[in-house]
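Quick notes on the structure that follows.
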Amino acid sequence: MDVAELRETFTFFDDWEDKYRFVIDLGKELEDIPEADKQEKNLIRGCQSQVWLTHHLTDKGTINFKLDSDAFIVRGLISIVLTALNNKQPEDILAFDIYALFEELELLQHLSQTRGNGLRAMIARIREIAEDLT
């Protein structure tokens, strides 16, 4: 799924509960990261649930991120973040307004403060990695 398909899919939902279920379904489809990567050094601080992030620079100069969480709703948010930012050039990651996407999908206003803080911490870490690789 790409960002355009994600946007289109969200237009089919009339209320928050339908969107919430869809986000959870996205989380269930997210590939787990290996247990060996679920280490303290890969944890993102500021998240209510545990979120792990690893990355590597590909031969094409794109960044491949792997993220995982112990909470389905967070895994769903991760899926959205990965749809928008994974396997992109660092400059493209920094140029993309991920918060505008979450606003457009009407997700930010429905997240608890702690979930929102965790999402911001996740995005900040991804942006930090992209900045380091530019």
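Heads up: numbering here begins at 1 and tracks the sequence. Values reported hereafter were calculated over all heavy atoms of this structure, with side chains retained and with hydrogens, waters and symmetry mates removed.
The main-chain N or O of F65 is found under 3.5 Å from a side-chain atom of N86 such that the two form a donor-acceptor pair. Judged by distance alone, the side chain of S69 and the main-chain N or O of Q50 form a donor-acceptor pair under 3.5 Å.
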Side chains of residues 100-108: which donor-acceptor partners sit under 3.5 Å, not counting sequence neighbours?
from, atom 1, to, atom 2, distance (Å)
E104, OE1, R7, NE, 3.0
E104, OE1, R7, NH2, 3.4
E104, OE2, R7, NE, 3.0
E106, OE1, K19, NZ, 2.9

Please set out all donor-acceptor pairs under 3.5 angstrom arising from side-chain atoms of residues 126-133, sequence neighbours excluded.
from, atom 1, to, atom 2, distance (Å)
R127, NH1, L94, O, 3.0
E128, OE2, R125, NH1, 2.7

Listing, residues 27-34 side-chain donor-acceptor contacts under 3.5 Å, not counting sequence neighbours, or none:
from, atom 1, to, atom 2, distance (Å)
D32, OD1, R75, NH1, 3.0
D32, OD1, R75, NH2, 3.2

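Side-chain contact between F13 and R21 is absent, with no heavy atoms from C-beta onward closer than 4.5 Å. L43 places none of its side-chain heavy atoms less than 4.5 Å from the side chain of V51. The side-chain heavy atoms of L53 and D68, taken from C-beta on, include no pair separated by under 4.5 Å.
Looking at every heavy atom in both residues, K88 comes nearest to L85 through CG-O, 3.4 Å. Smallest separation of non-hydrogen atoms from I98 and V81: CD1-CA, 4.2 Å. Nearest heavy atom pair, residue D70 against residue W52, reads N-CZ3, 4.1 Å.
Looking at residues two or more places apart in sequence or on another chain, you find a side-chain hydrogen bond (donor to acceptor under 3.5 Å, both in side chains) between N64 and N87. Judged as a side-chain hydrogen bond (donor to acceptor under 3.5 Å, both in side chains), and not counting sequence neighbours, D92 has no contacts. Every residue meeting the salt bridge (charged side-chain N to carboxylate O under 4.0 Å, His left out) condition with E40, not counting sequence neighbours, appears here in chain and number order: R45. Partners of T62 under the side-chain hydrogen bond (donor to acceptor under 3.5 Å, both in side chains) rule, at least two apart in sequence or in another chain, are T58. E5 is linked by a side-chain hydrogen bond (donor to acceptor under 3.5 Å, both in side chains) to nothing, counting only residues two or more places apart in sequence or in another chain. Shown here are the salt bridge (charged side-chain N to carboxylate O under 4.0 Å, His left out) partners of D25, two or more places apart in sequence or in another chain: there are none.
Checking each of K66, K41, Q39, K38 against T54 for a side-chain contact (heavy atoms from CB on, under 4.5 Å) leaves exactly one that passes, namely K66.
Residue-environment remark: CD (Q113) stays at or below the threshold of 12 foreign heavy atoms within 6.0 Å. Other residues, nucleotides and ligands contribute at most 12 non-hydrogen atoms within 6.0 Å of the OH atom of Y20.
Residue F12 is found outside any hydrophobic cluster, as its side-chain heavy atoms come under 4.5 Å of no other Ile, Leu, Val, Met, Phe, Trp or Tyr.
Of the inter-residue distances, the one linking M1 atom CE with E8 atom CD reads 10.0 Å to the nearest 0.5 angstrom. The CG atom of D59 sits 8.0 Å away from atom NE2 of H56, with the distance rounded to the nearest 0.5 Å. The line from OG1 of T9 to CG of L26 is 8.5 Å long, rounded to the nearest 0.5 Å. To the nearest 0.5 angstrom, M122 atom CE is 8.5 Å from L82 atom CG. To the nearest 0.5 Å, atom CD1 of residue I44 and atom CG of residue L67 are 5.5 Å apart. Rounded to the nearest 0.5 angstrom, D2 CG and T83 OG1 are separated by 8.5 Å.
When hydrophobic clusters are built by joining Ile, Leu, Val, Met, Phe, Trp and Tyr residues whose side-chain heavy atoms come closer than 4.5 Å, directly or via intermediates, V23 is grouped together with V3.
Among pairs with a residue in residues 103-130, those fulfilling ring-ring contact (aromatic ring centres under 6.0 Å, His included) read W16-H110, at least two apart in sequence or across chains. Judged as a ring-ring contact (aromatic ring centres under 6.0 Å, His included), not a single pair has a partner in residues 68-90 (not counting sequence neighbours).
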